[in-house]
Amino acid sequence: MIYWQIFLAFFIPGILGYGGGPASIPLIENEVVGKYGWMTTQEFSEVLAVGNSLPGPIATKMAAYIGFVEGGVIGGFVALLATIAPSIILMLVLMAILLKYKDTPQVKNISKVVRPVIAVLLAVMTYQFAKDSVLSLGTVYTIIMIIGSYILLERVKLHPAFVILIALGVGAISGLLIY
C-alpha cells in the first residue's frame, strides 16, 4: 500500500505541475506534508534546500529521497518513476501522433520551420560559450580547445563523450599547472 501512495504522491504533481520541478514543488508538498503526513513543513523545506544545492532536476531528487525515506530503495525507485512517468507517457503519445502523421504536408512544414530555429538557437548558444570561454580562459586557449575538439570529432571520429572527458582532463591539468 505504501508504494501505491508514494506513486500517487509524485505522479499527480507530475501531471498537474506544468513547467517541471519548480511548478511541482507546492503540489508535492501538499501530498507529502498535507495529505500523507510523511514530513513536517520544516523537514520538507530542508529537503528542498538540499535538493536545490545538488545538480539536476529538483523534483526527481526530492522524489527519490522522500520515496527512499518512506519505502526504502523500492520506494525511491517508485517515487522517481512516478515523477518522470507523466513526461514519458506524454512524449510517447506525442511521438505516436507525430509518426502517424509524419508524411502530411502540415508536419513536413513544421519540420521546415523548426530546423532553422534550432540551428539559430544552437549558433547563439555556441557564440555565448565561445565568448565566455575567451573571457575566462583567453583567446589562445579557447582556439586550441575548439580546433582540438573539431579534429577529435570530425577527423578522428571520436565519440563526443570522450572529447568531453579529454577536455575535462586538459582543464584539470592546466588548472593544476597554473595554480
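On a predicted model such as this, the values are computed, not experimentally measured, just so you know.
Follow the hydrophobic side-chain contacts under 4.5 Å out from Leu90 and you never reach Leu92; the two are in separate clusters. Hydrophobic clustering, with ILVMFWY side chains joined whenever heavy atoms are under 4.5 angstrom apart, groups Ile89 together with Leu16. Linking Ile, Leu, Val, Met, Phe, Trp and Tyr whenever their side-chain heavy atoms come within less than 4.5 Å puts Ile147 and Phe162 in one cluster. Residue Val170 is grouped with residue Leu137 when hydrophobic side chains (ILVMFWY) are merged at heavy-atom distances under 4.5 angstrom, including chains of intermediate members. The same ILVMFWY cluster, assembled from side-chain heavy atoms under 4.5 Å apart, contains both Tyr3 and Ile66.
The shortest distance between side-chain heavy atoms of Thr142 and Met145 does not fall below 4.5 Å. Looking at Pro13 and Glu31, their side chains come closer than 4.5 Å, going by heavy atoms from C-beta outward. Taking the side chain as every heavy atom from C-beta outward, Thr139 and Ile143 approach each other to under 4.5 Å. Within the 4.5 Å cutoff, side-chain heavy atoms of Ile166 are placed close to those of Leu158. Put simply, the side chain of Ile25 reaches to within 4.5 Å of the side chain of Leu48, judged on heavy atoms. Annotation: side chain of Phe10 is not in contact with side chain of Leu81 (no heavy-atom distance under 4.5 Å).
Looking at every heavy atom in both residues, Gly56 comes nearest to Lys61 through O-NZ, 3.0 Å. When all heavy atoms of Met39 and Glu43 are compared, the closest pair comes out as CA-OE1, 3.2 Å. Closest approach of Leu8 and Tyr36 over heavy atoms only: CB-OH, 4.0 Å. Across all non-hydrogen atoms, the minimal contact from Gly51 to Ile58 is C-CD1, 3.2 Å. Nearest approach of Thr60 to Pro57, heavy atoms of both residues: OG1-O, 3.0 Å. Residues Ala79 and Ala63 approach most closely at CB-O, 3.1 Å, considering heavy atoms.
Considering CG of Asn52 and CE of Met62, their distance stands at 8.5 Å, rounded to 0.5 Å. Note that the OH atom of Tyr101 and the NZ atom of Lys108 stand 15.5 Å from one another [nearest 0.5 Å]. For the atom pair CG (Asp132) and OH (Tyr127), the distance works out to 9.5 Å, reported to the nearest 0.5 Å. With values rounded to the nearest 0.5 angstrom, Ile15 atom CD1 is found 11.5 Å from Thr83 atom OG1.
At distances below 3.5 Å, at least one donor-acceptor pair connects side-chain atoms of Lys157 with backbone N or O atoms of Glu154. At least one donor-acceptor pair under 3.5 Å links the side chain of Asn109 to the backbone N or O of Pro105. Although no hydrogens or angles enter the test, the distance criterion places no donor-acceptor pair under 3.5 Å between the side chain of Ser133 and the main chain of Phe129. In this structure, Ser24 contributes its side chain and Leu27 its backbone to no donor-acceptor pair below 3.5 Å. Side chain of Ser149 to backbone of Ile146: no donor-acceptor contact under 3.5 angstrom is found. For the pair Lys102 (side chain) and Val107 (backbone), a donor-acceptor distance under 3.5 Å is absent.
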* To do: Let me see the working for Met125 and Leu122 under side-chain contact (heavy atoms from CB on, under 4.5 Å), right down to the final yes or no.
  => CA-CA 5 Å; Met125 183 179 68; Leu122 288 171; 3.7 Å; yes

* So Trp4 and Val78, side-chain contact (heavy atoms from CB on, under 4.5 Å) or not? Walk me through it. -> CA-CA 8 Å; Trp4 179 246; Val78 167; over 6 Å; no

* Audit row: Phe77, Ile74, side-chain contact (heavy atoms from CB on, under 4.5 Å) steps and yes/no -> CA-CA 5 Å; Phe77 179 75; Ile74 296 172; 5.6 Å; no

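Ser174 and Tyr141 share a donor-acceptor pair across their side chains, judged by distance under 3.5 Å alone.
Of the options Phe68, Trp38, Phe11, a side-chain contact (heavy atoms from CB on, under 4.5 Å) to Ile6 is made by Trp38 and by none of the others.
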